[in-house]
Amino acid sequence: MTEILIQKAYNEVKKYRNKVINDPYRLRYHLMPPVGLLNDPNGLIQFKGIYHVFYQWNPFETTHGAKFWGHYTSEDMVHWREEPIALAPSEWYDRNGCYSGSAVEADGKLYLFYTGNVKQEDGTRETYQCLAVSENGIDFEKLGPVLRLPEHYTSHFRDPKVWKKDDHWYMAVGAQTLEEKGAVALFHSKDLYNWEEAGRIAGSGMDGWKDFGYMWECPDLIHLNGKDVLLVSPQGLEPEGDFYHNLFQSGYLIGELDYKRMKFQHGTFTELDRGFDFYAPQTFTDKSGRTILYGWMGITDELEAHQPTIVNRWVHALTIPRELELHDGKIFQRPVKELEKLRKNQVVVETNKFEGISAEFIIDFVKTAPFRISFRNEAYLSFDAERLTLKRRNLMTDDLESRTCKIASVSKLQIFMDHSSLEIFINDGEEVFTARYFPNPNDAMISMEGEAEFKLIKWSLGDDGE
Ligand code: FRU
């Protein structure tokens, strides 16, 4: 069963390879599905020196379905190898999807925790938190479910993130309470196989906190600069001022997890990204001690079915890796240093019009003043009156749509453009805007207007020799 399913997926990759790689919107330096649909990053880890990125993958369609775990490895997070499929939805406990999860190393082995998703014929959903193990980091053996659904949650219970603290293992699971409020459930274990419930560490309407969504997906608890930070992707928030304009959000709560009482005291929710396409991020700590984040550069919204890459049998990508730091109660995100290896043809730009398709820019502002940048006549970044706005064309209406954030001044922009994506880092990662956009493939024109004085350095990235 497993072999047949995996073979079917490889056949699909082979069948559509030419179509996929010749798509003018195929990206040059981002991780993408070889065919079909990619969503969340999963199982991020540096194992025996090698970086592993797994991802939610439907090889058969460009819609959501019974997910596989696709797999890429790298020595430097720049050059990637496509590895054999890690997990396929082949067993009674995961037959409708090997859903999102995480990786840990123990006794020199790589363990994957994931959600086995099962849908019965009458539409009811079952969820099993499952384990798989590998000696070499490439071939995985499924060990089956290690945690059943506790009775005080609905079957929207998924995305186990496991970590070690002192001699204990902990697992955070994204959950929905019986009152249909989003929450994070915590479990602990001595051996990775036997799990005990520790409590609910955060949730919508909990501990006097306001209502905050009907489901929380993809929790991730990390330690940054002496604080515990819970990353989570809540569903069901209404827009509020400049916030929560995407269908679903991803952000974080800063606090302290009391491991004895299993209580997490935390502050308010801050969004991680201010653009259009960012969801379900996950982090890992590498051997150098950096906390590195990958997000899904996409989201399940009404525009998903209108992505122009679908005609060429693929959809979505992951973000570039970002290093996280916590300063003054805020997460700063910066592209990892290794990405400098992609840089070619450095140019100091001294005009207001120049070209770029797959490129990086660093713009240092000598004096803050209003400006407007046009990216290939299809997306626009502007700053005025302490507001930074990104506009792009909506794939359904063809009108420009915008996302805005308040920021006192803009002293630096670091911009990663790829053939159909923009990742814009403001003031060394104080804010980030991530977006897909689909310009005319031949239009490479970038122009800057306004009174701002700046120094601009540009590199071409990838292999198209701009
Ligand atoms: C988030 C998510 C997860 C789930 C996975 C399924 O995008 O819905 O909660 O595990 O995607 O692909």
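As the structure lists them, so they are numbered: ligands from 1, and atoms in each ligand from 1.
- Within ligand 1, counting atoms from 1 as listed, the ones closer than 4.0 Å to a heavy atom of N39 are 5 (C), 6 (C), 7 (O), 11 (O), 12 (O).
- Side-chain N/O atoms of E197 and H152 include a donor and acceptor closer than 3.5 Å.
- Counting the atoms of ligand 1 from 1 in the order shown, those under 4.0 Å from a heavy atom of Y279 are 1 (C), 7 (O).
- The shortest N or O to N or O distance between Q56 and ligand 1 is below 3.5 Å.
- Residue F68 is tested with Y99, Y55, F60 for a ring-ring contact (aromatic ring centres under 6.0 Å, His included); the sole match is F60.
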Kindly determine whether Q129 and T115 satisfy side chain to side chain donor-acceptor pair (under 3.5 Å), including the steps that lead there. CA-CA 5 Å; Q129 310 321 304; T115 298; 2.7 Å; yes
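- Of the protein's heavy atoms, D40 OD2, 3.0 Å lies nearest to atom 1 (C) of ligand 1.
- Residue W296 places a heavy atom less than 4.0 Å from ligand 1.
- Heavy-atom separations between T115 and ligand 1 are all 4.0 Å or longer.
- Around CD of E105, the count of heavy atoms belonging to other residues, nucleotides or ligands within 6.0 Å exceeds 12.
- The distance from ligand 1 to the heavy atoms of S100 drops below 4.0 Å at these ligand atoms: 5 (C), 10 (O).
- The existence of a salt bridge linking K14 and E12 is excluded, since no basic side-chain nitrogen approaches an acidic carboxylate oxygen closer than 4.0 Å.
- Taking only nitrogen or oxygen atoms, main chain and side chain alike, T300 does not reach within less than 3.5 Å of ligand 1.
- Ligand 1 places these atoms under 4.0 Å from at least one heavy atom of D159: 3 (C), 4 (C), 9 (O), 10 (O).
- Taking the six-membered ring for Trp and the full ring otherwise, the centers of Y259 and Y170 sit less than 6.0 Å from each other.
- What sits closest to atom 8 (O) of ligand 1 on the protein, heavy atoms only, is E217 OE2, 2.9 Å.
- Note: W92 and Y128 meet the aromatic proximity criterion, with ring centroids under 6.0 Å apart.
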